[in-house]
Amino acid sequence: MKIGYACINLSLDCRSSRTFRLKSYSAEYMERTVGGNLSCLLEQLRFNLEHDIYYFRISSDLVPFASHPVCDYPWQKRFKGEFAAIGGFIAEHAMRVTMHPDQFILINALDEGIHARSVAELVYHAQVLDLMGLDASHKIQIHVGGVYGDREASISRFVSRYRKLPAKVRKRLVVENDERSYCLADCLEVSAGTGVPVVFDNLHHSANNRGEKVREALAAAGTTWEERDGLPMVDYSSQKKGGKPGAHAYALDTDDFRAFLEAARGLDFDVMLEVKNKEHSALAALAVAAEMGLA
DNA sequence: AGGTGTCAAGCGTCC
DNA sequence: GGACGCTTGACACCT
């Protein structure tokens, strides 16, 4: 079991997700921003290694505007060496990285333009992981998408669109249950039609489910992962006390996390913490797992 | 230098 | 039909 955090390290004074305004787009901005983001990413990974953190989500902003029509900057060639070095570091230390394009990525969109832009964005994500030379266990996770008033038709559209995706995207794509539209059972249906592994998100599940207990849900999602996909991925976050259901807490609730791991005992997976205080919670979670003999 | 309005992209909910 | 939440930082313009 690996435990990790997403995109930002609060202990470092750099960010690997720096961007700029579209209006400011230029080769100079691209050069400087991507170069800075990549060097920070390596710094983050080094920090992680020093702290025994082997799981990390890479920001989608690593290369700003990479899939936007405005982008004519050959970032793939220019930073080939940097990508390879980062990928080498990840592989050398048996780390796992993932990426999570945001809510604008909808491969089941009714609008063909939205669909096309989504595919382009997924190709960009796949290029990043490919340039790093990483195998298919390093995933790109998205949600199923919009419902558009017809859930079954929208799931079918996801399945047919999935089959037309470039192979480099298909081999990395995984779907995650969300908090309002597509629950775990829906994701399992998508998986049955496509073979995509399902990422289980505990907080989304608590807001949107069909009554499955956590252990049962974890086990069901786990069966969608093949050998080449690596261990099942789980997104974990704590409910903000007194907040709306689904609201993320600032820090990991270690008692809840311990209970979660206890309920999951015997199942193996990697845990991505979606918590605002980032690496601090990852370290706390690692301590809990270590205490339980799990990591 | 400091303050602040706004930022590529969309869905679903609520008024 | 339009604003807002999602989830958040930080860009970039203005004073």
Side-chain angles (χ1 to χ4, degrees), chain A residues 5-26 28-30 32-34 36-37 40-41 44 57-73 75 99-125 140-151 153-155 157-158 161 175-183 186-187 190 201 203-208 235-240 243-251 272-281:
Chain A
Y5 61 101
C7 306
I8 293 172
N9 180 303
L10 299 172
S11 305
L12 298 173
D13 61 4
C14 71
R15 295 288 179 267
S16 55
S17 52
R18 292 196 65 167
T19 183
F20 49 84
R21 296 289 189 255
L22 180 56
K23 271 198 300 190
S24 317
Y25 179 87
S26 69
E28 291 70 30
Y29 264 68
M30 284 296 284
R32 192 198 323 161
T33 307
V34 178
N37 285 347
C40 181
L41 174 56
Q44 292 172 318
R57 181 182 296 165
I58 296 174
S59 169
S60 292
D61 281 332
L62 190 67
V63 184
F65 305 108
S67 73
H68 192 282
V70 77
C71 182
D72 56 1
Y73 180 81
W75 56 273
M99 297 184 82
H100 192 346
D102 62 27
Q103 73 266 37
F104 306 107
I105 291 2
L106 299 156
I107 71 170
N108 74 348
L110 288 170
D111 181 288
E112 195 43 57
I114 294 170
H115 171 238
R117 286 190 288 278
S118 297
V119 173
E121 181 73 354
L122 290 173
V123 167
Y124 148 63
H125 282 77
I140 299 168
Q141 80 185 76
I142 60 172
H143 295 291
V144 178
V147 175
Y148 308 103
D150 188 338
R151 173 178 312 271
S154 294
I155 287 178
R157 200 164 48 255
F158 184 103
R161 291 269 179 73
V175 296
E176 174 195 354
N177 58 308
D178 70 73
E179 74 278 31
R180 63 177 180 194
S181 302
Y182 293 99
C183 66
D186 295 323
C187 291
V190 167
D201 182 305
L203 194 57
H204 292 165
H205 184 72
S206 68
N208 183 16
D235 282 358
Y236 185 92
S237 46
S238 299
Q239 167 68 41
K240 181 177 182 175
K244 280 184 286 191
H248 289 238
Y250 176 75
M272 179 60 62
L273 297 173
E274 294 186 324
V275 179
K276 295 188 206 303
N277 74 342
K278 304 293 174 182
E279 76 278 8
H280 302 295
S281 280

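Labels below follow one simple rule: chain letters A, B, ... track the order of the sequence lines, proteins then strands, and each chain is numbered from 1.
Residues passing the side chain to side chain donor-acceptor pair (under 3.5 Å) test with A:Ser238, sequence neighbours excluded: none. Scanning for ring-ring contact (aromatic ring centres under 6.0 Å, His included) contacts around A:Phe20 gives A:Tyr29, A:Phe65, with sequence neighbours left out. Every side chain to side chain donor-acceptor pair (under 3.5 Å) that A:Glu274 has, sequence neighbours left out, goes to A:Arg57. Listed by chain and number, the residues in a disulfide bond (SG atoms under 2.5 Å apart) with A:Cys14 are A:Cys40 (sequence neighbours excluded). Taking the side chain to side chain contact (heavy atoms under 4.5 Å, CB included) definition, one finds that A:Ala251 meets it with A:Asn277, A:Ser281, sequence neighbours left out. Residues that satisfy the side chain to side chain donor-acceptor pair (under 3.5 Å) test with A:His143, not counting sequence neighbours, are absent from this structure. Taking the side chain to side chain donor-acceptor pair (under 3.5 Å) definition, one finds that A:Asn37 meets it with nothing, sequence neighbours left out.
Scanning residues 11-18 of chain A for heavy-atom distances under 4.0 Å to DNA chain C yields A:Arg15, A:Arg18.
Across all strands, A:Ser67 comes closer than 4.0 Å to base atoms (heavy-atom distances). Across all strands shown, A:Tyr148 has heavy atoms under 4.0 Å from sugar-phosphate atoms exclusively, and none from any base. Contacts of A:Val147 with the nucleic acid, taken as non-hydrogen atoms under 4.0 Å apart, involve only primed sugar atoms and P, OP1 or OP2. Looking at heavy-atom distances under 4.0 Å, A:Arg117 makes contact with sugar-phosphate atoms alone, never a base.
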Would you sort out whether A:Leu62 and A:Leu41 count as a side-chain contact (heavy atoms from CB on, under 4.5 Å), showing the intermediate values?
CA-CA 9 Å; A:Leu62 190 67; A:Leu41 174 56; 4.1 Å; yes
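As rounded to whole Å, 13 Å separates atom C1' of C:dC11 from atom CG of A:Asn37. In this structure, A:Asp102 places its CG atom 16 Å from P of C:dG9, rounding to the nearest Å. The interatomic distance linking A:Asn277 (CG) with C:dG9 (C1') rounds to 16 Å, in whole Å. Distance A:Arg21 CZ to C:dA10 C1': 7 Å, rounded to the nearest Å.
For the atom pair NE2 of A:His205 and CG of A:Asp235, the computed distance is 14.0 Å after rounding to the nearest 0.5 Å.
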Please produce a list of atom pairs where a protein N or O lies less than 3.5 Å from an N or O of nucleotides 3-6 of chain C.
from  : atom 1 : to       : atom 2 : distance (Å)
C:dG5 : N2     : A:Arg180 : NH1    : 3.1
C:dC6 : OP1    : A:Lys244 : NZ     : 3.4

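In terms of modelled atom types and a separation under 3.5 Å, the side chain of A:Gln44 and the main chain of A:Cys7 share a donor-acceptor contact. Judged by distance alone, the side chain of A:Tyr124 and the main-chain N or O of A:Val63 form a donor-acceptor pair under 3.5 Å.
Of the residues near DNA chain C, A:Ile8 and A:Tyr29, the one whose nearest nucleotide (by heavy atom distance) lies more toward the 5' end is A:Ile8.
The P atoms of B:dA8 and C:dC13 are separated by 11 Å, rounded to the nearest whole Å. One P atom belongs to B:dA9, the other to C:dA12, and the distance between them is 15 Å to the nearest Å. Nucleotides B:dG12 and C:dG9, compared at atom P, are 27 Å apart to the nearest Å. For B:dT6 and C:dT7, the P atoms lie 23 Å apart once the distance is rounded to whole Å.
A:Ser206 and A:Gln239 share no side-chain donor-acceptor pair at under 3.5 Å.
A sub-4.0 Å separation between OP1 or OP2 of C:dA12 and a side-chain N or O of A:Ser24 is present.
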Please tabulate, for the side chains in residues 102-113 of chain A, all donor-acceptor contacts under 3.5 angstrom to protein atoms that are two or more places apart in sequence or on a different chain.
from     : atom 1 : to       : atom 2 : distance (Å)
A:Asp102 : OD1    : A:Phe104 : N      : 3.3
A:Asn108 : OD1    : A:Gly146 : N      : 3.3
A:Asn108 : ND2    : A:Gly146 : O      : 3.0
A:Asn108 : ND2    : A:Ser154 : O      : 3.4
A:Asp111 : OD1    : A:Gly113 : N      : 2.7
A:Asp111 : OD1    : A:Ile114 : N      : 2.9
A:Glu112 : OE2    : A:His115 : ND1    : 2.8

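Remark: DNA chain B takes part in the stems B:1-7 with C:9-15, B:10-15 with C:1-6, each of 3 or more antiparallel Watson-Crick or G-U pairs, criterion distances under 3.5 Å.
Under a cut-off of 6.0 angstrom, the local environment of CZ in A:Arg18 is sparse, with at most 12 non-hydrogen atoms contributed by other residues, nucleotides or ligands.
Contact footprint of chain A on DNA chain B: nucleotides with an atom under 4.0 Å from a non-hydrogen protein atom, first to last in 5' to 3' order, B:dG5 to B:dG12.
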